Amino acid sequence: MPPYRAPRGTRDLLPAERPAWRALADIARSLSDAYGYREIETPLFEQVDVFERGVGAVTDIIEKELFRIAPRTEDAEVWALRPEGTAGIVRAYVQHGMQTWPQPVRLMLLGPMFRYDRPQAGRYRQFWQWDIEAIGDAGPAIDAEIIELGLRFYREAGLEDVEVHLNSIGDPGCRPAYIEALGAFYAKRLDELPPHERERLATNPLRLLDSKDPALVRINVDAPVITEHLCDACADHFAEVKDHLDALGVEHRPETGLVRGLDYYTRTAFEYYRRGREGQQQALGGGGRYDGLVELLGGKHTPGIGFALGLDRVILTQQDAGVEVPSVRPPIAVVVGADPGGTAERLRVATDLRAEGLPVRADLAIRKLGRQLEAAAREGSRFAIILGDELSEGNVQLRDLEAASQKVVAIDDLPALLLRKSQGS
RNA sequence: GUGGCCAUAGCUCAAUCGGCAGAGCAUCGGAUUGUGGCUCCGAAGGUCGCGGGUUCGAACCCCGCUGGCCACCCCA
């Protein structure tokens, strides 16, 4: 066994699987361009305060999953690896005075996030998210734009049966009254609650709503529904979000038990699931509105909304659904030689062709021609460029490895010839 | 953070009752010295996850640790 391994909950993404990842990143970037969400990169770590204030100090993400960086000196700042993207993006929004930009500011971020969680399938300590944020627009239309953008991404990734679950969780004006009503409801039936759920009642009663405990599922049928306790402004907003989605032809499934785990969410909350795969670990992405977050991080009161899609889970779901994804592309040609030791001329010919922009590998192993051709064929290359005695007249053998045919070609004609072939003629 | 299942070559897996660690694939080499994916031959590759214990003897039984998976918790 090797002495060192990738840290728990992390993994190496090997060449064979990278093309599928790159394809997802390409989709994310081209959709971001098309929708006008411009790419931003923020540090992988921030001051702990950014997350504690932004995500919420009493959330699981902060209390038990934050990757804290041990300070080097007593008076050093305390840092942590980012567990999600929104807090850092909003910090950047405030820091760079983006409130003076045309509003809303549409941003996208693609990168790794870190949570000190117990690993499981589809759950890693380092995982990748695609973040979309629109900061500075309170209107319901932008909610619909973003929700549809997420669905569009899944479709382009080959996942046709992803749907959005939608809820509104109110705002600081109306939510406290609802939580009180909810608390009172559970208090009346305290003896029916499992001990574990009783504890959560004190810390975060909303959480009981999406519990899977059978006893609680039964009780929750009678629980007060948040969308019936919204203030007029929140209720109007929610209705208009749904109207906008309907106008787009986007199906949305009401989910009154949907409560997101981060403190900063207000009003719109949504999660993406594959139809028939609605378990808690199966969320492919989620997001919501965070109208108080900019202010929490030192800016003016500014509305915002966004989502985070888990790329690791998209990859897993593609595999599960049998979606065809790109694989490693072989070079169009491999330069091989009759003289096993003639690595210098093989390297020179390949280098010249690469200078013309052609993906060409040279066989640099000192081995006989048969082995070189074998390797080229197994790699999937279309052509082998065979260097032999003809080289003294400026010619090579161009062998078509698929057709098993070959012809003598002037070495000077190779670039144009291969270029034509690589464009699929 | 809680509970359960698992860990043998790079990968997928065998190894009878506790009695000399194996196969397929992959890698490298050879099959009369300029022609490939097939075939044949061969080589290399192991701290049986790690550390203790029981035993004449442990891949196999017991304990601990690490890691993976699953169910919780929670999230993406």
Side-chain angles (χ1 to χ4, degrees), chain A residues 1-12 14 16 55 59-66 82-86 111-131 150 194 196-197 199-200 203-204 207-208 210-213 258-262 271-273 279-287 307-317 330 334 336-342 363 365-391 396-406 408:
Chain A
M1 285 294 119
Y4 302 109
R5 283 187 295 199
R8 181 169 202 199
T10 73
R11 65 225 193 281
D12 303 306
L14 301 178
V55 178
T59 58
D60 272 16
I61 290 181
I62 299 304
E63 282 184 337
K64 62 178 210 189
E65 296 171 9
L66 200 63
R82 63 183 186 193
E84 53 96 55
T86 307
M113 305 295 161
F114 305 86
R115 290 183 199 172
Y116 192 80
D117 212 354
R118 185 134 170 197
Q120 210 169 303
R123 197 170 77 180
Y124 305 99
R125 289 183 171 183
Q126 177 179 347
F127 58 101
W128 274 262
Q129 284 189 338
W130 177 42
D131 267 293
H196 172 71
E197 303 288 1
E199 288 170 29
R200 295 210 296 169
T203 55
N204 197 347
R207 282 264 143 246
L208 301 204
D210 62 356
S211 170
K212 287 177 294 295
D213 190 285
L258 193 155
V259 205
R260 307 231 70 221
L262 285 60
E271 288 179 349
Y272 297 106
Y273 290 94
Q280 281 283 328
Q281 288 85 345
Q282 310 277 358
L284 292 170
F307 67 59
L309 306 194
L311 298 187
D312 306 76
R313 288 186 182 174
V314 172
I315 293 271
L316 283 172
T317 306
V334 177
V336 300
D339 172 17
D363 195 314
I366 298 174
R367 53 184 171 182
K368 64 183 190 176
L369 180 59
R371 290 284 178 202
Q372 297 179 48
L373 284 168
E374 181 183 345
R378 284 169 65 136
E379 189 175 359
S381 257
R382 175 78 195 279
F383 296 104
I385 295 161
I386 306 170
L387 310 186
D389 297 335
E390 309 90 333
L391 205 55
V396 299
Q397 296 274 359
L398 181 64
R399 180 170 181 82
D400 186 328
L401 291 168
E402 286 166 23
S405 65
Q406 69 188 49
V408 177

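A quick note: this is a predicted structure, and the numbers were derived from the prediction, not measured. Numbered from 1 within each chain, the chains take letters A, B, ... in sequence-line order.
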Once Watson-Crick and G-U wobble pairs under 3.5 Å are found, how is RNA chain B written in dot-bracket notation, 5' to 3', with | for any base paired to another strand? (((((((..((((.....[..)))).(((((.......))))).....(((((..]....))))))))))))....

Looking only at side-chain atoms of A:R371, point me to the closest of B:U35, B:G3, B:G29. B:G29

Can you name the side chain to side chain donor-acceptor pair (under 3.5 Å) partners of A:R118, sequence neighbours left out? none

Distance below 4.0 Å between A:R118 side-chain N/O and B:G67 OP1 or OP2: no

Can you tell me how far P in B:A21 sits from the matching atom in B:G57, rounded to whole Å? 16 Å

Measuring only the P atom in each nucleotide, how far is B:G53 from B:A59? A whole number of Å is fine. 15 Å

Given the P atoms of B:C25 and B:U39, what is the spacing between them in whole Å? 8 Å

Look at all strands and tell whether A:Q406 reaches a base, only sugar-phosphate, or nothing, counting heavy atoms closer than 4.0 Å. base

If the cut-off is 4.0 Å, is A:R8 near the phosphate of B:G67, judged by side-chain N/O to OP1 or OP2? yes

Less than 6.0 angstrom from the centroid, inside 45 degrees of the normal: does A:R11 satisfy that with respect to the ring of A:Y124? yes

Looking at A:A6 and A:D12, what are the two nearest heavy atoms and their distance? CB-OD2, 4.3 Å

Once you apply a heavy-atom cut-off of 4.0 Å, does A:I386 come out as touching a base, just sugar-phosphate, or nothing? base

Have a look at A:E390 and say if it touches a base, only the backbone sugar-phosphate, or nothing, with a 4.0 Å heavy-atom cut-off. base

For the residue pair A:V396 and A:I386, establish whether any side-chain heavy-atom pair is separated by less than 4.5 Å. no

Base, sugar-phosphate alone, or nothing: which one does A:G9 contact when heavy atoms must sit under 4.0 Å apart? sugar-phosphate

Determine the Euclidean distance between corresponding P atoms of B:A7 and B:C60; express it in Å to zero decimal places. 11 Å

Please tell me whether A:Q129 and A:E84 have a donor and an acceptor in their side chains that are separated by less than 3.5 angstrom. no

With the side chain defined as heavy atoms from C-beta on, A:P119 is closest, among B:G67, B:G68, B:U27, to B:G68

When all nucleic acid strands are considered with a 4.0 Å heavy-atom cut-off, which category describes A:G285: base, sugar-phosphate, or nothing? sugar-phosphate

Heavy atoms under 4.0 Å, any strand shown: does A:A308 hit a base, just sugar-phosphate, or nothing? sugar-phosphate

So which protein nitrogen or oxygen atoms get under 3.5 Å of nucleotides 42-44 of chain B's nitrogens or oxygens?
none

Contacts of A:E65 and A:L387 projected onto RNA chain B by closest heavy atom; the upstream (5') one is A:L387

Closest listed nucleotide, where the reference is the side chain of A:D389 and the choices are B:G34, B:G3, B:G37: B:G34

Taking the C1' atom in each of B:A58 and B:A76, what is the distance between them to the nearest angstrom? 44 Å

How far does the C1' atom of B:G22 sit from the matching atom of B:C48, given to the nearest Å? 12 Å

With sugar-phosphate meaning primed atoms plus P, OP1 and OP2, does A:Q397 contact a base, only sugar-phosphate, or nothing at under 4.0 Å between heavy atoms? base

A:A375 near the nucleic acid: base, sugar-phosphate alone, or nothing, with a heavy-atom cut-off under 4.0 Å? nothing

